[in-house]
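Structure first, commentary second.
For this chain, numbers begin at 1 and follow the sequence in order.
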Amino acid sequence: MLDSAVNPNKALWEKGDFTRIADTMRQSGKEFVQTLDIKPTMRVLDLGCGDGTTALPAASRGADVLGVDIAANLVARGNARAQGAGLYNLHFIEGDASNLVAIDDGRFDLVISVFGAMFAPRPLDVAREMVRVTRPGGRIVMGNWIPGDPTLVAQILKISAAYTPPPPEGFVSPMIWGDEQQVRERFEAAGIPAANISFERATWYFRQEGPPSELLDTFRHYYGPTMNAFEAAARDNREPELADALDKLFAARNRAGENTEIPATFLKVTVLKS
């Protein structure tokens, strides 16, 4: 087990049940993996993997996949999903993206992190660890939310932040992983030439039967950051105000009428290790 005093994100991501959020992301996870040219002979690390939204599709392509996540409940759920799918080439373990002590240098052909490692503390250490465990000639591919982006997730986090206490001194926002210059500097500090780092904007979709208000309920009750925001808002008697702001956001961004399909723009980062 990891000590939450070492990585405070452990408590955040074990709060609620992120699997309920991930259930709305499965199709986008499959579509993302289709862009990665994964071969059966490859060794793949999915870092900050949750319960396997991208790890299961990667393993389904025959790769040997290791999923690493800070949250014990998501690791357990991931292993159960892998077993249920008969994917014996997929295993999940607990781990801290900023200190992958159990993983040898140069072990993986491909390191994936989709909305995962971006939330780990000590981003310079995260970049170094991803580079360290990638073999020469291998790739790192990240999907990161973008600061100030007008689409769903950046706005959820922005609205929620207005209702929560200020972060502790020295806190580095995970959203900076969506800033191209910052990402370039982090990987350059880890020894990657700028020419080996590329970016593109892509779209992720949250899909769920039923109206967007039901997706908001899922975020409210099962997504750690939103849960914390509602708890803080309730202490200040501002819970209805927060609920109204988020309800308007989800309704405005929905593009599926009576059901829910909400796009969210993210930054796809590709790093080539020489």
Side-chain angles (χ1 to χ4, degrees), residues 2-25 48 50-51 69-74 77 115-116 118-121 123 144-179 204-266:
L2 294 170
D3 184 353
S4 60
V6 175
N7 190 331
N9 280 6
K10 181 173 175 61
L12 175 67
W13 297 110
E14 288 181 351
K15 188 169 188 169
D17 181 6
F18 188 78
T19 290
R20 299 288 292 270
I21 306 296
D23 283 342
T24 73
M25 303 167 71
D51 69 351
D69 201 273
I70 194 73
N73 57 330
L74 297 179
R77 177 60 179 157
F115 321 130
M118 67 173 288
F119 288 99
N144 300 328
W145 301 125
I146 301 168
D149 186 79
T151 58
L152 184 69
V153 177
Q155 292 303 307
I156 291 173
L157 296 173
K158 178 181 177 181
I159 291 168
S160 297
Y163 293 82
T164 54
E169 185 177 353
F171 173 79
V172 180
S173 170
M175 300 299 287
I176 293 176
W177 275 108
D179 181 300
W204 197 269
Y205 292 91
F206 294 83
R207 297 178 172 100
Q208 183 171 292
E209 291 187 5
S213 59
E214 292 183 4
L215 179 60
L216 172 56
D217 284 342
T218 303
F219 271 84
R220 179 171 183 168
H221 296 292
Y222 299 106
Y223 184 59
T226 320
M227 294 170 71
N228 285 347
F230 273 101
E231 290 169 7
R235 290 192 293 269
D236 294 334
N237 296 315
R238 300 175 68 199
E239 192 174 8
E241 179 185 324
L242 173 58
D244 182 63
L246 289 174
D247 186 64
K248 289 177 178 176
L249 171 69
F250 278 64
R253 298 298 185 270
N254 185 42
R255 45 181 266 176
E258 295 181 356
N259 289 312
T260 302
E261 182 180 77
I262 302 180
T265 303
F266 68 97

*Ring centres of Phe18 and Tyr222 under 6.0 Å apart?*
no
*Side chains of Phe171 and Pro174: closer than 4.5 Å at any heavy-atom pair?*
yes
Using distance only, find each side-chain donor-acceptor pair of residues 223-232 under 3.5 Å and give its atom names and separation, not counting sequence neighbours.
| unit_1 | atom_1 | unit_2 | atom_2 | d |
| --- | --- | --- | --- | --- |
| Asn228 | OD1 | Lys15 | NZ | 2.5 |
| Glu231 | OE1 | Lys15 | NZ | 2.9 |
| Glu231 | OE2 | Lys15 | NZ | 3.1 |

*Less than 4.5 Å apart, any side-chain heavy atom of Glu14 and any of Asn73?*
yes
*Using side-chain contact (heavy atoms from CB on, under 4.5 Å) as the criterion, point out the one residue from Leu249, Thr260, Asn259, Leu246 that pairs with Pro212.*
Thr260
_Are the side chains of Pro263 and Thr151 in contact, using a 4.5 Å heavy-atom criterion?_
no
*Name the one of Ile262, Leu157, Asn254, Thr265 that satisfies side-chain contact (heavy atoms from CB on, under 4.5 Å) with Leu152?*
Ile262
*asked:* Evaluate Phe266 against Asn144 for side-chain contact (heavy atoms from CB on, under 4.5 Å), listing each step before the verdict.
replied: CA-CA 5 Å; Phe266 68 97; Asn144 300 328; over 6 Å; no
_Of all pairs that satisfy salt bridge (Lys or Arg N to Asp or Glu O under 4.0 Å), the ones with a partner from residues 211-223, not counting sequence neighbours_ = Arg220-Glu239
_Spatial distance of atom CD (Gln155) from atom OG (Ser160) [nearest 0.5 Å]_ = 10.5 Å
*Given side chains that start at C-beta, do those of Ile156 and Phe250 come closer than 4.5 Å, heavy atoms only?*
yes
*Answer whether the closest heavy-atom distance between the side chains of Trp177 and Trp145 falls below 4.5 Å.*
no
*Applying salt bridge (Lys or Arg N to Asp or Glu O under 4.0 Å), which residue pairs with at least one partner in residues 242-257 are found, sequence neighbours left out?*
Asp244-Lys248, Arg255-Glu261
_Non-hydrogen side-chain atoms of Asp236 and Tyr163 separated by less than 4.5 Å_ = no
*Reported CE-to-OH distance for the pair Met25 and Tyr205, which is rounded to 0.5 angstrom*: 14.0 Å
*Just wondering, do Arg20 and His221 contact through their side chains at under 4.5 Å, heavy atoms?*
no
*Where the side chain of Asp51 meets the backbone of Leu74, is there a donor-acceptor pair that is under 3.5 Å apart?*
no
